[in-house]
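Convention: sequence-line order gives letters A, B, ...; per-chain numbering from 1.
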2 protein chains.
Amino acid sequence: MPLAPLFRPIDVAPAYQKVADAIEREIVNGRIKPGDPIGTEHDLVRQFGVNRSTIREGIRVLEEGGLIRRDSSRRLHACLPRYSKLASRLSRALVLHEVTFRELYEASMTLEVASIEGAVERATDANLVELDDNLVRSEAVVGSPAALAECDAEFHVLVAKASQNRVLQLAREPAAQLFYPTTEMIVTGVAEGGPRLVAAHRHLIDAIRRRDREAGVLWTRRHLQDWRRGFEKIASLDRSVEHMYMEHAQAARRR
Amino acid sequence: MPLAPLFRPIDVAPAYQKVADAIEREIVNGRIKPGDPIGTEHDLVRQFGVNRSTIREGIRVLEEGGLIRRDSSRRLHACLPRYSKLASRLSRALVLHEVTFRELYEASMTLEVASIEGAVERATDANLVELDDNLVRSEAVVGSPAALAECDAEFHVLVAKASQNRVLQLAREPAAQLFYPTTEMIVTGVAEGGPRLVAAHRHLIDAIRRRDREAGVLWTRRHLQDWRRGFEKIASLDRSVEHMYMEHAQAARRR
DNA sequence: TTCTGTCCCTTTGTCCGACAAAGCTAGAGG
DNA sequence: CCTCTAGCTTTGTCGGACAAAGGGACAGAA
């Protein structure tokens, strides 16, 4: 018979973890604001009363979590975690969990439609300028799959941004990052892929400008279905996202 | 006139970063599989030819990224990043970016509807057993706001799980984590809140069991609108998520 | 046999001290 | 007032050290 649970496990976190937690707490509850400097390592050594090596391990944890950064002069300061970095963590996780392209497609259908709906409703003139600019650049590289795929990824980021909904913006990003490399492959393999992609973007911008929700949703669906048709010429939707796709996300994260 | 670009910038990442990158690469591209042991710190010192302090800093980075863990005996091994941990990173970021409850509500409306649609279409018997079990436990604690809020959070995780779409599962989690504390406040403040919540869950399970998509979407909408009405009795939807809400997520992550 | 206590080796967490390289600062010199 | 150089500071890395805890092997007790 197992023992009755008389004691709860004791909290014995290593010192570096406690250092990280302490600093994190100050940032998350707002006592340290984004941009505020954290002291030097030596300062932290004095404040926490532990060795510099221990402090440094704690700093690594916070740095990886995106809560603190070193500016150009390597001084530490608190900062707002950046979406693209967080999203690439998630993309990495999705790859490791071997999600299928079907899951990506289905989730993106939902998320991109929601994005366009928000954009149609709330896009500002500044958003439209960015989108127009993206369209011009896309048209210029319609013959170059890699560059076009990059423009496509940026386009959808801009649409999400135009929705003014940061939760949505963040939620769609991981899946979108995994789409990106396949777009390049599809545009390469399917002759009319590039022009169709740019045409869809044009219709989407138009829908946003006219605040025409129906058209926005319609063209988003078509755009994604185009991706799907193109993808299915190359592979099955039930294939899991493969490891090699991560290399794009990795390169993006390092920037 | 600027110099012709004769040289590319040299990669001058610090050693600990290179260590982390090297190990990450092996895990992400599949040469090290989840569960595989990483060597001891001493092994890594030998392999990379750097000091143990440097190795340890690299390990912290990977640990925080969720790519490696220490098992009960503190030995290192690769592992699959856990959704709840990643999601709480995102929740933390959303709090720091001071997103509004309106953004949360709008995004969740999309994500939870998509979840239920997937669940209605693909839920297995095992999923239904879990949901039924959750319902029973919810009914038992309908008078206790904290416990009920926890059940509610779990319920929606289970629905997302039943959708069999892990991308969706991951995408909805950050917003859901921020909902959780407010649910407790609402159930506390609004008398009929608890019973209505449980009733909605019952209808949702019923819709999943009958594979009735319309009903599923309808009751998800109602459920969320209930939350919204309850929330608006307490505060404005345009208020930003506040720092104190993070404490729940923090506690969850530490587990 | 099965459990327990002991000894030893390994591994981790932490500490100390040190040093080169790069940034920053302030005073010297124009 | 501006520039340049000589410190001082800070970071990244190194080497070595030690206590605590885990794991394994082994002997003795129930």
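Ranking D:dT13, C:dG13, C:dT14 by closeness to the B:P14 side chain, first place goes to D:dT13.
A heavy atom lying under 4.0 Å from DNA chain D marks the following residues of residues 39-55 of chain B, by number: B:V50, B:N51, B:R52, B:T54.
Per the geometry, CG belonging to A:L76 stands 12 Å off P belonging to D:dT10, to the nearest Å. Nucleotide C:dC15 holds its P atom 10 Å from the CD atom of A:E57, rounded to whole Å. Note: OH (A:Y16) to P (C:dC15) measures 13 Å, nearest angstrom. In this structure, the CZ atom of B:R69 is 16 Å from the P atom of C:dT12, given to the nearest Å. Rounding to whole angstrom units, CG of residue A:D71 and C1' of D:dT10 are separated by 12 Å.
With sequence neighbours excluded, the residues forming a side-chain contact (heavy atoms from CB on, under 4.5 Å) with A:I68 are A:I27, A:I38, A:I59, A:L62, A:E63, A:L76, listed by chain and number. Residues satisfying the side chain to side chain donor-acceptor pair (under 3.5 Å) criterion with B:R137, sequence neighbours excluded, are B:D133, B:E154.
The salt bridge (Lys or Arg N to Asp or Glu O under 4.0 Å) contacts involving residues 27-37 of chain A comprise A:E26-A:R31, where partners must be two or more places apart or lie in separate chains.
The side chain of A:R56 places no N or O atom within less than 4.0 Å of a non-bridging phosphate oxygen (OP1 or OP2) of D:dT11.
The closest side-chain donor-acceptor pair between B:T54 and B:E57, if any, does not fall under 3.5 angstrom.
Between A:F179 and A:H156, the gap from one ring centroid to the other reaches at least 6.0 Å.
In summary, of the residues considered (B:E130, B:Q177, B:R172), a side-chain contact (heavy atoms from CB on, under 4.5 Å) with B:V157 occurs for B:R172 alone.
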In residues 42-49 of chain A, what donor-acceptor pairs under 3.5 Å come from side-chain atoms, sequence neighbours left out?
from, atom 1, to, atom 2, distance (Å)
A:H42, NE2, A:R46, NH1, 3.2
A:D43, OD1, A:R46, NH2, 2.6
A:D43, OD2, A:T40, N, 3.0
A:D43, OD2, A:T40, OG1, 3.4

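Taking the six-membered ring where tryptophan is involved, the planes of A:Y105 and A:W227 are essentially parallel, since the angle between them stays under 30° and well short of 60°.
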Atom pairs, N/O to N/O, protein against nucleotides 21-24 of chain C, distance under 3.5 Å?
from, atom 1, to, atom 2, distance (Å)
C:dC24, OP1, A:S73, OG, 3.3

